[in-house]
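Everything on this sheet refers to the single structure shown next.
All values reported here derive from a predicted model rather than from experimental measurement. When reading the values below, keep in mind they use all heavy atoms of this one structure, side chains included, and skip hydrogens, waters and symmetry mates. Throughout, protein chains are lettered first and strands after them, A, B, ... in sequence-line order, and every chain is numbered starting at 1.
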There are 2 protein chains.
Amino acid sequence: MEDAKAGLRERKKRRTRATISDAAIALFLEHGFQRVSVAQVAEAAEVSKRTLFAYFPTKEDLVVHRLADHETEAARVVRAREPGTDPLAAVREHFLRGLRERDPISGLNDHPQVLRLTRMIYDAPSLVARMEGFKAGAERELALALEETADTPELTARLAAVQIVAVQWALAQDNARRLAGGEPADARFEGAVADARHAFALLENGLRQPAAQR
Amino acid sequence: MEDAKAGLRERKKRRTRATISDAAIALFLEHGFQRVSVAQVAEAAEVSKRTLFAYFPTKEDLVVHRLADHETEAARVVRAREPGTDPLAAVREHFLRGLRERDPISGLNDHPQVLRLTRMIYDAPSLVARMEGFKAGAERELALALEETADTPELTARLAAVQIVAVQWALAQDNARRLAGGEPADARFEGAVADARHAFALLENGLRQPAAQR
DNA sequence: GGGCAAAAGTATACCGAGTGCAAAAATAGC
DNA sequence: GCTATTTTTGCACTCGGTATACTTTTGCCC
């Protein structure tokens, strides 16, 4: 996106990278992540195994490199918010927009491709582990953003960050689970919004009397 | 502990298991997790590689099997609380007791062995990933306990669980980090208690006006 | 357009984690 | 002591990932 054409060499590298990734996803979706070897992926992409590993450091990266920028998403949202506004509100509104736009990260996208990809990831423990790793990264980034833009003390920022990330993740997982069970995204939408509002209210007001809502 | 002696066969298996684990930990502590191969561990324990894998399904399990029961700890605490009391308070008091007793899980144990083990784990990405996995298990168990013993609705239970687990983990990590930096546990104790109280207050009262305390 | 240095790709052999299989050893119960 | 069962072992194998040494492709300068 940044510099669309930057010499033949660069363009060819991009194409090779895309070819490998596409071949990998296609094979993984068809046969399952575990049952496809990197050698098979390399063969399908017409590339040597060594070259594959020059583009993607691990087998898991063939899948998760597409999701990598979500790691900094919450932090970016907090940094980009209107000055003087509540960081938590900014994250909430961003999440609600994700729901409206059926952003896959919100768990509310029911395109067959997305559903299959989600299922594929949750069927492979090593991929789940990578997702958990993303969570840890998101917590770190968000904590930093809170420290720097609100002037939250270090520990408080870290605590707020882990709570916010954990809650967002739980909401998305819940949506994804329902959609995987056959519920259409449009049918789930209102409930998802209500659940998100409830969850963010819990974050704002605490766990003290949680039985009131929902 | 349960059935201390249950036939020679059983006792010997226990001994073998302990021998393997001890040899593994000793080697890992001395040379680092990554730089010791399972073959070396097997040799040190005077056991074939095949036998080692009969006792421990993966290399990581050689380390983390000792921490496995912490996965259900928060859930057990919630289930075992005085009827009618607040689950969050139960978890808080349990965590504070962990600090007083210098329970390694609280991050406040500065015995050299514990410090080295902590460092070893954080130096090995695959071990860190396993710890994150424990977190996920703890969340699931705690959510279940909250649903069943308080009558919290499913989503609220899950949201509370992920927040509580995330906060406990963050507190422990913060303590461990400070101790790894040379601070003695006794010197850290009061600060750790204050931080824990602050964190649980945040959980109870929400992130709304967090700048007041600490 | 030809030549050349650097970058990219390849073949091959290798390491370590983990598994399948069948033979060998240890143990329990008689 | 004998036999059935469990445990252990050796070996060969798969798969993810890496080191090395080599060939091909590309950018570029003349």
Side-chain angles (χ1 to χ4, degrees), chain A residues 3 5-25 27-28 31-65 120-121 123-130 133, chain B residues 3 5-21 23-25 27-28 30-65 120-121 123-130 133:
Chain A
D3 36 8
K5 48 177 180 178
L8 177 78
R9 195 164 240 166
E10 207 57 36
R11 266 183 293 152
K12 196 173 178 184
K13 278 183 75 172
R14 276 183 221 273
R15 229 182 43 208
T16 304
R17 188 179 160 86
T19 304
I20 295 173
S21 174
D22 291 349
I25 300 275
L27 283 174
F28 292 156
H31 304 112
F33 182 76
Q34 322 244 34
R35 283 201 292 269
V36 177
S37 72
V38 291
Q40 288 175 276
V41 174
E43 196 184 4
E46 294 178 309
V47 154
S48 78
K49 202 177 77 167
R50 206 65 183 71
T51 297
L52 185 154
F53 279 114
Y55 283 91
F56 299 94
T58 72
K59 186 184 181 183
E60 286 73 29
D61 282 290
L62 288 166
V63 177
V64 302
H65 74 101
M120 189 203 84
I121 291 175
D123 282 348
S126 68
L127 287 175
V128 174
R130 286 296 298 265
Chain B
D3 38 6
K5 50 177 177 178
L8 176 83
R9 199 162 237 164
E10 208 56 36
R11 265 182 294 151
K12 197 172 177 184
K13 276 184 76 171
R14 276 182 221 274
R15 232 182 40 211
T16 305
R17 187 179 161 87
T19 305
I20 295 173
S21 174
I25 300 277
L27 282 175
F28 292 155
E30 188 173 357
H31 303 112
F33 183 76
Q34 323 243 34
R35 282 202 294 267
V36 178
S37 72
V38 292
Q40 287 175 277
V41 174
E43 197 184 5
E46 292 177 310
V47 152
S48 78
K49 198 178 81 170
R50 208 65 187 68
T51 298
L52 185 152
F53 279 115
Y55 282 91
F56 299 94
T58 71
K59 186 184 184 184
E60 286 74 28
D61 283 289
L62 288 165
V63 177
V64 302
H65 74 102
M120 189 203 85
I121 290 175
D123 282 348
S126 67
L127 287 176
V128 173
R130 287 294 300 264

A:E60 side-chain proximity, nearest of C:dG9, D:dT9, D:dG17: D:dG17
Tell me if the CD atom of A:E43 is crowded by more than 12 foreign heavy atoms within 6.0 Å. no
Check the distance between C:dA7's P and A:R11's CZ and give it to me in whole angstrom. 19 Å
Closest nucleotide among D:dG10, D:dG16, C:dG9 to the A:T16 side chain: C:dG9
B:E43 atom CD is separated from D:dT9 atom C1', nearest whole Å, by 15 Å
Can you tell me the distance, in whole Å, between the CZ atom of B:F28 and the P atom of C:dG16? 13 Å
For the CZ atom of A:R14 and the OG1 atom of A:T19, what is their distance to the nearest 0.5 Å? 13.5 Å
How many Å lie between CZ on A:F53 and C1' on C:dA8, as a whole number? 17 Å
Atom CD1 in B:I25, atom CZ in B:F33: separation rounded to 0.5 Å? 9.5 Å
State which of C:dT19, D:dT18, D:dG17 makes the closest approach to the side chain of A:R50. D:dT18
By nearest-nucleotide position on DNA chain D, the 5'-leaning member of A:Q34 and B:V47 is B:V47
Among D:dT8, D:dT18, C:dA17, which is the nearest nucleotide to the side chain of B:V38? C:dA17
Quick note, B:S37 side chain, CB onward, closest among C:dG16, C:dT27, C:dA11 is C:dG16
Could you tell me the separation between the CZ atom of A:R35 and the P atom of D:dG16, rounded to a whole number of Å? 14 Å
Please tell me which of the listed nucleotides, C:dG18, D:dT8, C:dA26, lies nearest to the side chain of B:K12? C:dA26
Separation of C:dA7 C1' from A:K13 NZ (nearest whole Å): 8 Å
Gap between atoms CZ and P, on B:F33 and C:dG16 respectively (whole Å): 14 Å
Where the side chain of A:K49 is defined as all heavy atoms beyond and including C-beta, which of D:dG16, D:dT8, D:dC11 is the nearest nucleotide? D:dG16
For atom CD of A:Q34, is the number of surrounding heavy atoms from other residues, nucleotides or ligands below 6.0 Å larger than 12? yes
Contact class for B:F56 vs. all strands (heavy atom < 4.0 Å): base, sugar-phosphate, or nothing? nothing
Base, sugar-phosphate, or nothing for B:V41, non-hydrogen atoms under 4.0 angstrom? nothing
Distance, nearest 0.5 Å, that separates CZ of A:R35 from CG of A:L27: 12.5 Å
Provide, to the nearest angstrom, the distance between the CZ atom belonging to B:R17 and the C1' atom belonging to D:dT7. 16 Å
To the nearest 0.5 angstrom, please state how far the CD1 atom of B:I121 sits from the CZ atom of B:R130. 11.0 Å
If the cut-off is 4.0 Å, is A:Y55 near the phosphate of C:dA8, judged by side-chain N/O to OP1 or OP2? no
Considering only side-chain heavy atoms of A:K59, which listed nucleotide, D:dG16, C:dT19, D:dT20, is closest? D:dG16
Would you say B:S48 places a side-chain N or O within less than 4.0 Å of OP1 or OP2 belonging to D:dT8? no
Could you check which of C:dG18, D:dG17, D:dT7 has an atom nearest any side-chain atom of B:T58? C:dG18
